[in-house]
Number of protein chains: 2
Amino acid sequence: MSAPSNKQPVAAGRSAPSPLPPRRARVAGGITLLEVARLAGVSAMSVSRALNTPEQVSAAILAKVRAAVESTGYVANRVAGSLASQRSRLVAAVVPSIAGPVFQEMVQSLIAELAARDHQLMLGQSGYGTQEEDALLDAIIGRRPDGIVLGGVVPSAAGRRRLVASGIPVVETWDMVQDPIDMLVGFSHEAIATAVATFLIERGRRRLGFIGGNHERAARRASAFVHSALHGPAREREISAHVETVVAPATVRSGRQALGEMLRHQPGTDAIFCSSDVLALGVVTEAAARGLRVPQDIAVVGFGDLDFAADVSPSLTTVRIDSTRIGQLAARFIVSRSEGLDVEEAKVDVGFSIVSREST
Amino acid sequence: MSAPSNKQPVAAGRSAPSPLPPRRARVAGGITLLEVARLAGVSAMSVSRALNTPEQVSAAILAKVRAAVESTGYVANRVAGSLASQRSRLVAAVVPSIAGPVFQEMVQSLIAELAARDHQLMLGQSGYGTQEEDALLDAIIGRRPDGIVLGGVVPSAAGRRRLVASGIPVVETWDMVQDPIDMLVGFSHEAIATAVATFLIERGRRRLGFIGGNHERAARRASAFVHSALHGPAREREISAHVETVVAPATVRSGRQALGEMLRHQPGTDAIFCSSDVLALGVVTEAAARGLRVPQDIAVVGFGDLDFAADVSPSLTTVRIDSTRIGQLAARFIVSRSEGLDVEEAKVDVGFSIVSREST
DNA sequence: ATGAAAGCGCTAACAT
DNA sequence: ATGTTAGCGCTTTCAT
């Protein structure tokens, strides 16, 4: 149809500026909800409902939408959805390292539990100083996750303030601190240290040692261990306790070296509590290399009950934490909270157990 | 002021519908860019620029904005930013388990490298069957990450298609496959298997064994190992090779059990290649328990060069992969791509090395 | 049960 | 260098 039925106005001097100069379309993303809606012959809202709350939609529409989605390979853009609904379905976790005994299991469990509830995990690693950690917290807050899980991370005062100000649900998961930021799923380092000291003293050990990482988390256990050894209820006679510190992360090698240091500083040490099974394996290995018998000459207790603890020789006595449960509870608390439910019990002590094996 | 200066119209039948009935305001989020702009006395764009591209802004505005941000504790909403800019600054990674020898290090390195470039990592775990894996991929695609890193995950044909259709940059990081989906940073399982077989045969071993997980990744190495042993260049005389499979994940325990099976099925086995150092530790432990000397009676090679490999006794000969480099390259490729740069070499073989220690 | 309109809080594109 | 405008692709709210 080339007939100029509606003639365009021929240039009259300078053309009047059109009121809405059509600007270049922004780069087209992929296919959108609207296109699916057109294809299905329904409104955008019906597509949204068919995808998110299918029970609110008639069978007819459901079928049409499903067909359109199928044929286009449409995957809804959750960034847009998050912005509109103010729920990101993203949860952030910050741990010192995913390699740690408790954290690895907790992160795995978090991922699994969140996935089952249609949420995803964003993972951050702290442990490079306060400044980086605060920057990391801001990066996380900027994404408006539905929750933040802190594993063994003690935020700075400033970080803590921002966390609170953000209004994002927070679950701390390491120590049973007195004044949690928000929710808390943890275990008591003091209780563990006391229990292990008592366990060893009851078995006749008198010269105790503690080997742990050079960070606050291990330090808490160390001081509680020493205190329990020297002043605890099990104390009947002369007991000594000494602490050796290794540079994090804990390795078999640092465990071996630390035993050397321990024997130099406190000869005759007859029992050692390590802040990780990996360190304990190093201690056992080094003891063997030095002709010390485990447990006759020296008893060794680890932490974490890693998979190898039961199967090395001698098998390791260790402290077991149910880290999977920690992850599950943290995930549930956050998801419940973001669904507007009141979280019944937001402060849980998951406890611990001492698994007694050959090394003691 | 109770004087009715402007009398409200008394109900005149049904009141005429006002053209724009003001609806209830949506739940207010926190503080927004616009409020910061008002506080600073500048436009929203100036705040945006001051935060994202400070070099494009005058010192005066920069100062005003900084002050306003400081006083409000404003943290920009990246969900909105992502939607507007079509860049999420999120990268997704999928691994069978974060506990695996290569993956743990790769994930750590990914997190660190991405954080340095102002990106975050979203982590998924596959390994629960094709159906869950495809669902996971869809959940990831829905978030429109700037890239997806696949670690030891071989997507189904359907998953592969969706990945390609999504247009999201993908880095595969496990095997040097022939036809990568997109980018590739890996190493050759075949080359490793051949090298280890040759290594063992050259040292006089004749009855070889392979112990690996019951999944495709290990299976590739297993068959290449057997093939190299039976048909490889190093073959001078009678050589046998046998494969034992353990249920994933690999543990010290399954390594111990597998050695038992191996000796039952192929008595006189004098060298074993394990698909993980953890399995190798189990084999060494079980050998000791059975009175077999390592390496005199049986040589053991692990995989991963985990931190304990050098420090257990006997120390483990193992295959070392530079997983940190894999993570770095993957992160760089993706970030570069999302910045519109052409990625120079998008197919990298990071190689491997055999670290020879006491166990051989 | 379905649809229309109005944003969610930013940034790209354009204009000055 | 700074501001204005119009979306990004969804979901909430309200009306039918």
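Hydrogens, waters and symmetry mates are skipped; everything else that's a heavy atom, side chains included, is used.
Rounded to a whole Å, the CZ atom of A:Arg143 is 14 Å from the P atom of C:dC10. One interatomic measurement links the two molecules: CG of A:Leu51 to C1' of D:dT11, which rounds to 13 Å at whole-angstrom precision. What separates CD of A:Gln56 from P of D:dC14 is a distance of 16 Å, to the nearest Å. Rounded to an integer number of Å, the gap from CD1 of B:Ile31 to C1' of C:dC10 is 14 Å. Taking atom CG of residue B:Leu34 and atom C1' of nucleotide D:dT5, one finds them 13 Å apart after rounding to whole Å. Following rounding to the nearest Å, B:Leu83 (CG) and C:dC8 (P) show an atom-to-atom distance of 13 Å. To the nearest angstrom, C1' of C:dA12 lies 13 Å from CZ of B:Arg87. Note: CZ (A:Arg38) to P (C:dG3) measures 14 Å, nearest angstrom.
Side chain of B:Glu172 to backbone of B:Ile181: a donor-acceptor contact under 3.5 angstrom is found. No donor-acceptor distance shorter than 3.5 angstrom exists from the side chain of B:Glu339 to the backbone of B:Ser336, with no hydrogens or angles considered. Under a 3.5 Å cut-off, the side chain of A:Ser48 and the backbone N or O of A:Ala44 do not form any donor-acceptor pair.
At the phosphate of D:dG3, OP1 or OP2 sits under 4.0 Å from a side-chain N or O atom of B:Ser46. Taking 4.0 angstrom as the limit, B:Asn52 places a side-chain polar atom (N or O) nearer than this to OP1 or OP2 of C:dT11. Within the 4.0 Å cut-off from OP1 or OP2 of D:dG9, not a single side-chain nitrogen or oxygen of A:Tyr74 is found.
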Original post:
Would B:Glu113 and B:Arg117 count as a salt bridge (charged side-chain N to carboxylate O under 4.0 Å, His left out) if you check the C-alpha gap in whole Å, the side-chain angles of each, and the deciding distance to 0.1 Å?
Top reply: CA-CA 7 Å; B:Glu113 188 75 17; B:Arg117 293 155 186 264; 3.2 Å; yes
Side-chain atoms of residues 135-147 of chain A: list all donor-acceptor pairs with protein atoms under 3.5 Å, sequence neighbours left out, distances to 0.1 Å.
from     : atom 1 : to       : atom 2 : distance (Å)
A:Asp138 : OD2    : A:Arg162 : NH1    : 2.9
A:Arg143 : NH1    : B:Ser88  : O      : 2.8
A:Arg143 : NH2    : B:Ser88  : O      : 3.4
A:Arg143 : NH2    : B:Arg89  : O      : 2.6
A:Arg144 : NH1    : A:Ile141 : O      : 3.0
A:Arg144 : NH1    : B:Val75  : O      : 3.3
A:Arg144 : NH2    : B:Val75  : O      : 2.8
A:Asp146 : OD1    : A:Ser88  : N      : 3.0
A:Asp146 : OD1    : A:Ser88  : OG     : 3.3
A:Asp146 : OD2    : A:Arg89  : N      : 2.8

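Residue B:Gln86 places its side chain closer to D:dG9 than to any other of C:dC8, D:dG9, D:dC10. Across D:dG9, D:dT13, D:dT2, the shortest atom-to-atom separation from the side chain of A:Met45 is found for D:dT13. In this structure, of D:dG9, D:dT11, C:dA1, it is C:dA1 that holds the atom nearest to the side chain of A:Ser58. Which of C:dC10, D:dT11, D:dC8 sits closest to the side chain of A:Leu33 comes down to D:dT11. For A:Ser48, taking side-chain heavy atoms from C-beta onward, the closest of the listed nucleotides D:dT11, D:dC8, C:dA13 is D:dT11. Comparing C:dC10, C:dT11, D:dC10 by their closest approach to the side chain of B:Ser85 singles out C:dT11. For A:Ala84, taking side-chain heavy atoms from C-beta onward, the closest of the listed nucleotides C:dG7, C:dT2, C:dC10 is C:dG7.
Contact annotation for A:Val79: no contact, since no heavy-atom pair falls under 4.0 Å across all strands. Base engagement by A:Arg49 is indicated by at least one non-hydrogen atom pair under 4.0 Å involving a base atom.
Looking at A:Arg87 and A:His119, their side chains come closer than 4.5 Å, going by heavy atoms from C-beta outward.
Remark on DNA chain D: of its neighbouring residues B:Ser43 and B:Ala80, the 5'-side contact belongs to B:Ser43, judged by nearest-heavy-atom nucleotide. The 5' end of DNA chain C is approached more closely, in terms of each residue's nearest nucleotide, by A:Val42 than by the other of A:Val42 and B:Ser82.
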